[in-house]
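Structure record follows, encoded as structure tokens.
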Amino acid sequence: MVSTVLAPRVESLASSGIQSIPKEYVRPQEELTSIGNIFEEEKKEEGPQVPTIDLKDLESEEAEARERCHEALKKAATEWGVMHLVNHGIGEELMDRVRVAGEGFFNQSVEEKEKYANDHAAGNIQGYGSRLANNASGQLEWEDYFFHLAFPEDKRDLSIWPKNPSDYIPATSEYAKQLRGLATKILSALSVGLGLEEVRLEKEVGGMEVLLLQMKINYYPKCPQPELALGVEAHTDVSALTFILHNMVPGLQLFYEGKWVTAKCVPNSIIMHIGDTVEILSNGKYKSILHRGLVNKEKVRISWAVFCEPPKEKIILKPLPETVSEAEPALYPPRTFAQHIQHKLFRKTQELGAK
């Protein structure tokens, strides 16, 4: 059993005037060599760059334009597993409302935010929280967060959503609803890219009824020693798709061809990750890329991640028969979504125990 210890809110640490960070936040030596200044990293023009995909023609009447868009999406999902989406159909004004509401919540005092604190021990994972340390590594990440289910509407618990700012519930609800529509369009294009019927991937992850959209607002306070810490450690997302908004402060890095590549800040874009679920269903044809979040001394970074997740027990995830052949055998054993999460945690604990 991995025991957990409660850490203070990172925001409280950051505002206490400390010059050096507690040892629990210092990354292991092998990670430190690759942590640079995120603002310098973002300016680099040489080397590979995260692709930007224009979705303007995603559902175009014109077959040629539509195919070009589908092909670009397929290429990015195959080679990178992450991309900046532009012309995605979600209005700039709505995205701004979501950002203003989330920032408004985090701008309140820690005491006010604590009224929404989650309680992992009691099984209440929704609400305001900070990363719990596990005793295998004792590592902590430089972030606080707010987590809740955002869609379908009948599965939400609005009692734990922030009451302040007053636009939080309307803005976040509308954004989640529009993202759900975008997810259907993306899954449809990705299905076509695998030579499947348009509705196939959506059906495999639960369809409109049971695919869950989980909202996690990540709040990364200024860090006095950013070269020693990480906002989020390297991981792949377990979701089918993840959509990310941010406050135009860089921080996201992707592990591509053996090197960490910094995502640029592209105005009015939404970053999209292919998650493990779609990688498994596609038998590895679409990639779930390893990524992490860096922090900095100068600016608070906030990101709004929405994870599109299949139900935990209802669906068995395994490579679709059409993606498997003698030449390309199944790369993943059948597991429920819950078993996949447990498998990842078990592997990680084993790796940490071996260090």
Side-chain angles (χ1 to χ4, degrees), residues 6-19 21-22 25 38-39 90-119 124-132 140-150 156-176 179 213-226 229-232 243-252 265 267-271 293-307:
L6 195 59
R9 300 300 178 204
V10 177
E11 183 188 352
S12 303
L13 270 178
S15 58
S16 69
I18 55 167
Q19 297 304 300
I21 61 175
Y25 293 91
I38 193 66
F39 297 110
I90 296 178
E92 203 180 321
E93 188 198 346
L94 178 59
M95 297 198 304
D96 282 342
R97 281 175 60 202
V98 169
R99 282 189 280 246
V100 167
E103 283 177 22
F105 173 76
F106 275 98
N107 284 343
Q108 298 178 105
S109 68
V110 170
E111 292 71 32
E112 195 56 40
K113 293 193 285 273
E114 288 293 356
K115 293 175 185 172
Y116 296 90
N118 59 17
D119 183 353
N124 302 327
I125 58 167
Q126 297 194 78
Y128 173 60
S130 306
R131 185 60 179 263
L132 301 171
L140 290 168
E141 295 162 321
W142 196 261
E143 73 150 347
D144 299 323
Y145 64 82
F146 195 94
F147 178 78
H148 63 79
L149 189 145
R156 304 175 307 177
D157 178 2
L158 290 179
S159 71
I160 59 107
W161 289 37
K163 307 289 178 289
N164 284 315
S166 59
D167 195 36
Y168 185 92
I169 292 176
T172 307
S173 298
E174 183 56 31
Y175 178 64
L179 265 190
L213 269 61
Q214 311 273 16
M215 164 72 89
K216 184 173 179 233
I217 308 177
N218 302 296
Y219 182 86
Y220 307 103
K222 295 176 201 173
C223 180
Q225 292 178 299
L230 283 176
V232 174
F243 295 100
I244 300 171
L245 267 187
H246 55 77
N247 65 338
M248 294 298 282
V249 175
L252 176 65
C265 290
N268 302 324
S269 69
I270 294 175
I271 295 169
L294 266 58
V295 290
N296 72 81
K297 264 183 187 173
E298 290 94 60
K299 293 179 178 177
V300 168
R301 179 169 183 261
I302 309 177
S303 69
W304 288 256
V306 174
F307 304 97

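For the single chain, residues carry numbers from 1 onward in sequence order.
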Applying side chain to side chain contact (heavy atoms under 4.5 Å, CB included), run through Y220 and L294 and close with a yes or a no.
CA-CA 9 Å; Y220 307 103; L294 266 58; over 6 Å; no

Let me see the working for E141 and L230 under side chain to side chain contact (heavy atoms under 4.5 Å, CB included), right down to the final yes or no.
CA-CA 6 Å; E141 295 162 321; L230 283 176; 5.6 Å; no

Chi angles and distances behind the side chain to side chain contact (heavy atoms under 4.5 Å, CB included) call for N296, F39
CA-CA 8 Å; N296 72 81; F39 297 110; 3.5 Å; yes

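Expressed to the nearest 0.5 Å, how far CD1 of I125 lies from CG of N118 amounts to 8.5 Å. In this structure, CD1 on I18 lies 5.0 Å from CG on L13, to the nearest 0.5 angstrom.
Between Y219 and F106, the angle of the ring planes stays under 30°, which puts this pair in the parallel group of the 30/60° scheme.
Just one residue in the list F146, Y168, W304 forms a ring pair (Phe, Tyr, Trp, His ring centres under 6.0 Å) with F105, and that residue is F146. Partner L179 forms a side chain to side chain contact (heavy atoms under 4.5 Å, CB included) with one of V98, L213, L245 and no other, that one being L213.
Heavy-atom minimum distance, Y116 versus I160: CD2-O, 3.6 Å. The shortest heavy-atom contact between H246 and V249 is ND1-N, 4.2 Å. Residues I244 and S303 approach most closely at CG2-CB, 4.0 Å, considering heavy atoms. Shown here for V295 and P226, the closest heavy-atom pair between the two residues is O-CB, 3.3 Å. What you find for R99 and N247 is that their closest heavy atoms are CD-CA, 4.4 Å. Smallest separation of non-hydrogen atoms from S12 and V110: OG-CG2, 3.7 Å.
Remark: the backbone N or O of W161 is paired with a side-chain donor or acceptor of K163 at under 3.5 angstrom. In this structure a side-chain-to-backbone donor-acceptor pair under 3.5 Å is present from D144 to V10. Judged by distance alone, the side chain of Q126 and the main-chain N or O of L149 form a donor-acceptor pair under 3.5 Å. With hydrogens and angles ignored, the 3.5 Å screen pairs a side-chain donor or acceptor of Q225 with a backbone N or O of I21. Here the side chain of R301 pairs no donor or acceptor atom with the backbone of P221 at under 3.5 angstrom. With hydrogens and angles disregarded, a donor-acceptor distance shorter than 3.5 Å links the side chain of D157 to the backbone of S159.
By the salt bridge (charged side-chain N to carboxylate O under 4.0 Å, His left out) test, E174 is found to be paired with no residue, residues two or more places apart in sequence or in another chain being considered. In this structure D119 satisfies the salt bridge (charged side-chain N to carboxylate O under 4.0 Å, His left out) test with no other residue, sequence neighbours excluded. Partners of K113 under the salt bridge (charged side-chain N to carboxylate O under 4.0 Å, His left out) rule, at least two apart in sequence or in another chain, are E11.
For T172 and R97, the side-chain atoms include no donor-acceptor pair closer than 3.5 Å.
Dense packing is recorded around CD of E298, with more than 12 heavy atoms of other residues, nucleotides or ligands lying under 6.0 Å away.
Taking the side chain as every heavy atom from C-beta outward, K222 and S15 never approach each other to under 4.5 Å. Looking only at side-chain heavy atoms (C-beta outward), K297 and P224 stay at 4.5 Å or farther from each other. Inter-residue side-chain proximity for Y175 and M215 is flagged as met; some heavy-atom pair is nearer than 4.5 Å. Looking only at side-chain heavy atoms (C-beta outward), V306 and Q214 stay at 4.5 Å or farther from each other.
A cation-pi arrangement, defined by a distance under 6.0 Å to the six-membered ring centre and an angle within 45 degrees of its axis, is present between K216 and Y145. A cation-pi contact, defined as under 6.0 Å to the ring centre and within 45° of the axis, links R9 to Y128.
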